[in-house]
Engineer: 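Structure in structure tokens, see below.
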Amino acid sequence: MIKKTLIAALLCAAGTVHAAGEAKNVIFFLGDGMGPTTVTAARIYKYGETGALNMESLRRTARIKTFSNDAQTTDSAPSMSAYMTGVKMNNEVLSMSSDTVAKAPAADGSSTCPASGNGTPVTTLLELSKAAGKAVGAVTTTRVTHATPAATFAHICHRDAENDIASQAVPGGAGYNGALKDGLDVLMGGGRRHFLPKASGGKRTDGRDLVTEFKTAGYAYADTGTALAAIDASKTSKLVGLFHMDHVDYELDRVKKNLDQPSLATMTTKALDVLAKNQKGFFLMVEGGRIDHALHGTNAKRALEDAIAFDDAIKAALDAMQVKDPGLKNTLIVVTADHDHTMTINGYSKRGNPILDISRSYKDNTPNLDADGNTYTTLVFGNGPTRKDVRSSIVSGSADATQALHDDYLQETAVRMGSETHGGGDVMLMSTGAGNASFKGTMDNTKVFGLVRGALGL
């Protein structure tokens with residue numbers, strides 16, 4: 001027994017074993033749709049082939065299986081829910097038991113989930129953290145009622161019932177999720193429309209103004225980047241930011257149009273400033289959600305710009321926590337994705353060729369040609385809305401939307417679909433900080449829940 005204890009102590013000292021409950025804080029980063037190809041393409045786009053993303057500096061790496069309870073290729077609801085609850089569930093279902101059947105909402109967006117007989121809620125990491133007295137938050141570039149953020153704090157049989165999801169977040173109101181106790185401490189992103197009645201331009205048919213209800217419950221509120229900057233985190237314990245009626249704008253458009261919306265990095269650091277005041281620690285989920293949306297539209301440029309913005313938020317969090325928790329001795333940071341997409345890097349382009357441009361030969365820098373003698377881009381998609389019946393050469397440059405480097409250029413696809421679908425491939429996970437030692441190898445997405453829970457000692 002003494003010998004085993006000594007060996008364990010030595011392994012712990014060597015950094016190969018971490019005790020349960022080592023992490024007081026967790027920051028869980030989720031790049032929606034950020035499969036391995038998107039990570040690689042974003043790296044080349046921003047830093048070149050020999051460069052590195054901030055997320056790639058994290059200590060541990062793992063490979064994550066993403067299939068859902070009923071599908072080889074998951075959607076975001078069950079995949080994020082698997083991370084948050086450790087339970088496999090059906091596509092479209094949010095943080096409910098595996099036997100829950102997805103039932104589409106009514107025409108007005110209200111839930112059609114029966115009160116009983118269709119599954120039961122399963123506890124999320126955010127709820128476990130709240131029960132332990134920690135501060136909790138969710139930050140996203142999508143609507144805060146969208147699948148990924150909703151999986152952290154809501155339980156419902158269909159992800160599209162966003163009015164009901166919004167109600168679950170507002171303390172004291174009808175439909176509130178009591179497992180949140182005194183409420184989310186931070187909630188930021190888009191989706192104001194699901195918190196406002198139709199009379200105020202929203203989508204709620206029950207007449208409730210949930211923004212006002214948040215304020216009445218003691219929340220500081222911001223609807224612009226300027227308003228968020230004006231909030232003093234040192235004097236704020238509850239914060240809601242809803243910066244668009246729909247999703248927050250793509251990063252490319254936010255910057256080019258000088259929109260008064262905060263970056264994901266800004267939202268992340270403000271959230272940390274509010275949450276880190278809790279002496280018992282915190283759990284924060286940060287989603288780069290619009291990576292997924294641009295990929296669905298086969299608009300690789302916006303996808304990569306949002307992937308870089310997501311990576312910048314990771315850097316901002318690392319920097320902020322090195323000040324609050326030097327060496328990340330009490331903080332676990334996890335970065336992963338919920339699923340892949342069908343984008344791929346193809347052809348034999350020369351090193352240094354712009355990743356968004358047409359493919360050029362590594363031998364002589366001449367344009368690579370397909371079997372019919374036409375040029376093609378390095379990035380293409382397996383399916384989507386832009387398959388041509390007859391291919392023609394693609395022009396390099398950026399003068400108009402038909403050219404490869406234009407902001408609005410849509411990459412070609414192999415199979416014609418109304419919208420590009422998710423991919424079923426494994427995704428990457430990267431981690432660092434307290435309790436990161438077990439995040440390695442190939443694992444199911446449900447196993448990540450247990451590792452994070454164990455690191456927090458919950």
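Note that the coordinates shown come from a computational prediction; the quantities given were computed from them, not determined experimentally. No hydrogens, no waters, no symmetry mates; every other heavy atom, side chains included, goes into these values. One is the number of the first residue; the rest follow in order along the sequence.
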Engineer: Could you tell me whether a side-chain N or O of Asn445 sits under 3.5 Å from a main-chain N or O of Ala82, the two making a donor and an acceptor?
Structural biologist: no
Engineer: To check you understand the geometry: which heavy-atom pair defines the closest contact between Gln168 and Ala154, and what is its length?
Structural biologist: OE1-CA, 3.3 Å
Engineer: Report the C-alpha separation of Asp325 and Lys24 in whole Å, then their side-chain angles, then the decisive distance to 0.1 Å, and conclude whether the salt bridge (Lys or Arg N to Asp or Glu O under 4.0 Å) test is met.
Structural biologist: CA-CA 10 Å; Asp325 178 23; Lys24 185 172 76 171; over 6 Å; no
Engineer: Check Ile231 against Ala222 and note the closest heavy-atom contact, atom names and distance.
Structural biologist: CD1-CB, 3.9 Å
Engineer: Going from CG on Leu53 to OH on Tyr45, what distance comes out if it is rounded to the nearest 0.5 angstrom?
Structural biologist: 13.0 Å
Engineer: Side chains of Ser76 and His339: any donor to acceptor distance under 3.5 Å?
Structural biologist: yes
Engineer: Restricting to non-hydrogen atoms, name the atom on Ser81 and the atom on Met89 that form the minimum distance, rounded to 0.1 Å.
Structural biologist: CB-SD, 3.4 Å
Engineer: Give a yes-or-no answer on whether the side chains of Thr342 and Glu420 include a donor-acceptor pair shorter than 3.5 Å.
Structural biologist: yes
Engineer: Step through the shown structure and confirm whether more than 12 heavy atoms of other residues, nucleotides or ligands are within 6.0 Å of NZ on Lys235.
Structural biologist: no
Engineer: Can you list everything that forms a salt bridge (Lys or Arg N to Asp or Glu O under 4.0 Å) with Glu251? Sequence neighbours excluded, please.
Structural biologist: Arg254
Engineer: Could you check whether any side-chain heavy atom of Glu127 comes within less than 4.5 Å of a side-chain heavy atom of Met84, counting everything from C-beta outward?
Structural biologist: no
Engineer: For Phe67, does the six-membered ring have the charged nitrogen or CZ of Lys88 within the cation-pi criterion, i.e. under 6.0 angstrom from the centroid and within 45° of the normal?
Structural biologist: yes
Engineer: Please tell me if the side chains of Leu356 and Tyr409 come closer than 4.5 Å, counting only heavy atoms from C-beta onward.
Structural biologist: no
Engineer: Quick one: does Leu272's side chain get under 4.5 Å of Ile27's, heavy atoms only?
Structural biologist: yes
Engineer: Can you tell me which residue among Arg192, Arg193, Lys203 is in a salt bridge (charged side-chain N to carboxylate O under 4.0 Å, His left out) with Asp246?
Structural biologist: Arg193
Engineer: Walk me through whether Thr421 and Thr73 qualify under side chain to side chain contact (heavy atoms under 4.5 Å, CB included).
Structural biologist: CA-CA 9 Å; Thr421 72; Thr73 301; 5.8 Å; no
Engineer: Less than 4.5 Å apart, side chain to side chain, heavy atoms only: is that true for Leu58 and Leu318?
Structural biologist: yes
Engineer: Would you indicate whether the side-chain heavy atoms of Leu228 and Met188 approach each other to under 4.5 Å?
Structural biologist: yes
Engineer: If you count the non-hydrogen atoms of other residues, nucleotides and ligands that lie under 6.0 Å from NZ in Lys238, is the total more than 12?
Structural biologist: yes
Engineer: Check step by step if side-chain hydrogen bond (donor to acceptor under 3.5 Å, both in side chains) holds for Ser98 and Asn69.
Structural biologist: CA-CA 7 Å; Ser98 294; Asn69 191 54; 4.5 Å; no
Engineer: To the nearest 0.5 angstrom, please state how far the CG atom of Asp444 sits from the CG atom of Asp426.
Structural biologist: 9.5 Å
Engineer: Hey, is the main chain of His146 close enough, under 3.5 Å, to the side chain of Arg159 for a donor-acceptor pair?
Structural biologist: no
Engineer: Please confirm whether the backbone N or O of Met34 pairs with a side-chain atom of Asp340, one donor and one acceptor, at under 3.5 Å?
Structural biologist: no
Engineer: Counting distance only, does the side-chain N/O of Tyr219 pair as donor-acceptor with the main-chain N or O of Val186 below 3.5 Å?
Structural biologist: no
Engineer: Does the distance from a Lys or Arg side-chain N to an Asp or Glu carboxylate O, for Asp185 and Lys134, drop under 4.0 Å?
Structural biologist: no
Engineer: Kindly say whether Phe153 contributes a backbone atom to a donor-acceptor pair with the side chain of Asn177 at under 3.5 angstrom?
Structural biologist: yes
Engineer: Quick check against the 3.5 Å criterion: does Thr120 have a side-chain atom that pairs as donor or acceptor with the backbone of Ser97?
Structural biologist: no
Engineer: Before you tell me yes or no, could you show the steps for Tyr83 and Phe28 under ring pair (Phe, Tyr, Trp, His ring centres under 6.0 Å), namely the whole-Å CA-CA distance, both residues' side-chain angles and the distance that decides it to 0.1 Å?
Structural biologist: CA-CA 10 Å; Tyr83 286 134; Phe28 193 99; 5.5 Å; yes
Engineer: Answer whether the closest heavy-atom distance between the side chains of Asp292 and His422 falls below 4.5 Å.
Structural biologist: yes
Engineer: What residue pairs, at least two apart or across chains, pass salt bridge (Lys or Arg N to Asp or Glu O under 4.0 Å) with a residue in residues 305-316?
Structural biologist: Lys315-Asp319
Engineer: What pair of heavy atoms forms the shortest contact from Ser431 to Phe439, and how long is it?
Structural biologist: OG-CB, 3.3 Å
Engineer: Taking it one step at a time, do Thr148 and Thr140 satisfy side chain to side chain contact (heavy atoms under 4.5 Å, CB included)?
Structural biologist: CA-CA 8 Å; Thr148 297; Thr140 181; 5.9 Å; no
Engineer: Check the pair Glu92 / Asp160 against side chain to side chain contact (heavy atoms under 4.5 Å, CB included), numbers first and verdict last.
Structural biologist: CA-CA 8 Å; Glu92 285 89 43; Asp160 289 346; 5.9 Å; no
Engineer: Side chain to side chain contact (heavy atoms under 4.5 Å, CB included), that's the test. Do Phe195 and Thr145 meet it? Break it down for me.
Structural biologist: CA-CA 10 Å; Phe195 293 82; Thr145 51; 3.9 Å; yes
Engineer: Scan for disulfide (SG to SG under 2.5 Å) pairs involving residues 108-224, sequence neighbours excluded, and state none if there are none.
Structural biologist: Cys113-Cys157
Engineer: Any side-chain donor-acceptor pair under 3.5 Å between Thr226 and Thr224?
Structural biologist: no
Engineer: If I take atom CZ from residue Phe29 and atom CE from residue Met55, how far apart are they, to the nearest 0.5 angstrom?
Structural biologist: 9.5 Å
Engineer: For residues Leu379 and Ile355, determine if any side-chain heavy atom of one lies less than 4.5 Å from a side-chain heavy atom of the other.
Structural biologist: yes
Engineer: Where is the tightest heavy-atom contact between Thr268 and Ala313, given as atom of each residue plus distance?
Structural biologist: OG1-CB, 3.9 Å
Engineer: Does anything in residues 113-125 pair up under salt bridge (Lys or Arg N to Asp or Glu O under 4.0 Å), and if so which pairs, sequence neighbours excluded?
Structural biologist: none
Engineer: Nearest 0.5 Å, what's the CG-CG distance between Leu451 and Leu429?
Structural biologist: 9.0 Å
Engineer: Just how far is it from atom CD1 of Ile291 to atom CG of Asp338, taken to the nearest 0.5 Å?
Structural biologist: 9.5 Å
Engineer: What salt bridge (Lys or Arg N to Asp or Glu O under 4.0 Å) pairs are there with at least one residue in residues 209-224, not counting sequence neighbours?
Structural biologist: Arg208-Glu213
Engineer: Do Leu410 and Asn299 touch side chain to side chain, with heavy atoms closer than 4.5 Å?
Structural biologist: yes
Engineer: Between Arg290 and Asp249, is there a side-chain N and carboxylate O pair less than 4.0 Å apart?
Structural biologist: no
Engineer: Would you confirm whether Tyr250, through its side chain, and Ala294, through its main-chain N or O, come within 3.5 Å as a donor-acceptor pair?
Structural biologist: yes
Engineer: Using every non-hydrogen atom in the two residues, find where Leu332 and Ala23 come nearest and quote the distance to one decimal.
Structural biologist: CB-CB, 4.0 Å
Engineer: Check whether any side-chain N or O of Asp32 sits under 3.5 Å from a backbone N or O of Glu287 as a donor-acceptor pair, and report yes or no.
Structural biologist: no
Engineer: Is there a donor-acceptor contact under 3.5 Å from the side chain of Ser95 to the main chain of Ala151?
Structural biologist: yes
Engineer: Keeping the roles fixed (side chain from Gln322, backbone from Gly327), state whether a donor-acceptor pair exists under 3.5 Å.
Structural biologist: yes
Engineer: How long is the straight-line distance from CG of Leu125 back to NZ of Lys130, given to the nearest 0.5 Å?
Structural biologist: 15.0 Å
Engineer: Keeping to residues at least two apart or across chains, list the salt bridge (Lys or Arg N to Asp or Glu O under 4.0 Å) pairs with something in residues 99-119.
Structural biologist: none
